[in-house]
Amino acid sequence: MRHKTAMLYGLSLLGGLILWELIAAQFSRVVLSPPTAVAKHLYAHMITLELPRLLWASLGHTTLGYLLAVAVAVPLGFLMGRSERAFAMFDPIVNALYSIPTIAFVPFLVIWFGLFFSARTALVFIMCVFDILVTVSAGARNVERNLIDVGRAFGAGRWDLFRKVLLPASLPFLFTALRIGMVRAVIAMITAELFFAAVNLGKYMQAAQNRFDSAGLLAVLTILAVVGLLAQEGLKALEARLLPWHVRD
């Protein structure tokens, strides 16, 4: 079954590349470069370590912003999910802030944090925290009441209930939240570098844009797609190891 899934996975990627090549053949390379041209660009700039260095620098604020979002959203999500009082207090605020487009916060972040590392980290945090929070809260609220009652019947205290009942039952939602947050973090990574002081991959994209170099632009997008895909697959593998009863083979 796993071999069949891997084969379908590979065929999906191959089909996407073939479709991209066919569509790009209808346009000038200034408008849309084919995957072969993007692959050549990636190879040339990977060999010199230019793109790996820029990616490594970009991952700094991305990782920090994501971890801060997880540190805030996960405990607050569990609190909102299990406490009606906390839910009633925080849910209107969370929904109101969640409905605001993230880009609308950029002018405030410039005022509060400037244009550099702190501002980029803050934007990643804002773009991740609400998605993680809402999903974790839904997972905590979704835990069946009878599971809590059984735990209490066996004399479990609050900590034991959380550790042995609530957390295991919420793990599918928690992993979903982490995966959604990871995707948002990758999006925020390049958004922050384009909207604030242009640095790293954002600066590389702006330079490619000024040269009308679509291969350079698509090379960065390909890197972002690969980073996001690898992060997703890593979390899915961890989920399959920790939750074998939940993940279908």
Side-chain angles (χ1 to χ4, degrees), residues 38 41-42 45-46 48-77 93-136 174-211 213-235:
V38 175
H41 186 100
L42 280 170
H45 293 269
M46 285 288 187
T48 62
L49 299 181
E50 181 182 7
L51 284 174
R53 283 197 302 268
L54 295 176
L55 174 61
W56 179 255
S58 296
L59 289 175
H61 63 266
T62 307
T63 304
L64 180 57
Y66 176 73
L67 292 178
L68 289 173
V70 171
V72 171
V74 171
L76 184 56
I93 299 173
V94 170
N95 287 332
L97 293 175
Y98 194 28
S99 65
I100 300 174
T102 308
I103 300 304
F105 289 103
V106 169
F108 293 99
L109 296 180
V110 172
I111 295 171
W112 297 336
F113 299 104
L115 296 171
F116 302 102
F117 185 87
S118 298
R120 296 194 298 272
T121 302
L123 184 61
V124 174
F125 173 86
I126 291 174
M127 289 188 71
C128 296
V129 68
F130 295 110
D131 295 87
I132 299 173
L133 175 58
V134 169
T135 308
V136 171
L174 178 58
F175 272 100
T176 300
L178 294 177
R179 288 170 55 192
I180 293 172
M182 184 67 71
V183 171
R184 295 285 287 171
V186 174
I187 297 171
M189 175 175 73
I190 196 66
T191 303
E193 293 181 351
L194 288 171
F195 275 86
F196 298 113
V199 293
N200 307 326
L201 292 175
K203 185 176 181 179
Y204 189 92
M205 287 190 72
Q206 286 194 354
Q209 172 191 322
N210 294 336
R211 299 192 306 268
D213 180 9
S214 66
L217 291 169
L218 289 169
V220 175
L221 297 185
T222 301
I223 291 173
L224 297 178
V226 171
V227 169
L229 188 61
L230 291 176
Q232 291 280 305
E233 291 304 318
L235 285 173

Query - Nearest heavy-atom neighbours spanning A73 and V129 - result: CB-O, 3.5 Å

Query raised in the report: Donor-acceptor pair, Q232 side chain versus R179 backbone, under 3.5 Å?
Result: yes

Query raised in the report: Quick one: CD1 on I180 to CG on L235, what's the gap to the nearest 0.5 Å?
Result: 11.5 Å

Report task. Walk me through it: do L133 and Y98 pass the test side-chain contact (heavy atoms from CB on, under 4.5 Å)? Result -> CA-CA 10 Å; L133 175 58; Y98 194 28; over 6 Å; no

Query raised in the report: Given side chains that start at C-beta, do those of N200 and I190 come closer than 4.5 Å, heavy atoms only?
Result: no

Report summary line: Minimal heavy-atom distance between D131 and M127, with the atoms involved, is OD1-O, 3.2 Å

Report task. Please name the pair of heavy atoms, one in C128 and one in A69, separated by the smallest distance, quoted to 0.1 Å. Result -> CB-CB, 3.7 Å

**Report entry** T135 OG1 to F130 CZ distance, which is reported to the nearest 0.5 Å
**Finding:** 13.0 Å

Report task. Kindly indicate whether the side chain of I126, heavy atoms from C-beta on, has any atom under 4.5 Å from the side chain of L109. Result -> yes

Report task. To the nearest 0.5 angstrom, please state how far the CD1 atom of I187 sits from the CG atom of L224. Result -> 9.5 Å

Report summary line: Tightest non-hydrogen contact, residues L194 and Q206, listed as O-NE2, 3.8 Å

Query - Smallest separation among heavy atoms of I100 and A104, with atom names - result: CG2-CB, 3.9 Å

Requested in this report: Taking the side chain as every heavy atom from C-beta outward, state whether T191 and I103 have any pair of such atoms under 4.5 Å apart.
Outcome: yes

Report task. Compare all side-chain heavy atoms of L64 with those of F117 and state whether any distance is below 4.5 angstrom. Result -> yes

Report task. Measure the shortest side-chain to side-chain distance between Y66 and I132 over non-hydrogen atoms and say whether it is less than 4.5 angstrom. Result -> yes

Requested in this report: Using a 4.5 Å cut-off on heavy atoms from C-beta on, say whether the side chain of V38 contacts that of L42.
Outcome: yes

Query raised in the report: Once you round to the nearest 0.5 Å, how far does CG of L55 lie from OH of Y204?
Result: 12.5 Å

Query raised in the report: Quick one: does R120's side chain get under 4.5 Å of E193's, heavy atoms only?
Result: yes

Report task. List in chain and number order the residues that pass ring pair (Phe, Tyr, Trp, His ring centres under 6.0 Å) with W56, two or more places apart in sequence or in another chain; answer none if no residue qualifies. Result -> none

Query raised in the report: Any side-chain heavy atom of I223 sitting closer than 4.5 Å to one from M46?
Result: yes

Query raised in the report: For the atom pair CG (D213) and CE (M205), what is the distance rounded to the nearest 0.5 Å?
Result: 11.0 Å

Query raised in the report: So which heavy atom on V124 is nearest to which on H61, and how close?
Result: CG2-CD2, 3.9 Å

Requested in this report: Give me the ring orientation class for W112 and F108: parallel if the planes are under 30° apart, tilted from 30 to 60°, perpendicular past 60°.
Outcome: tilted

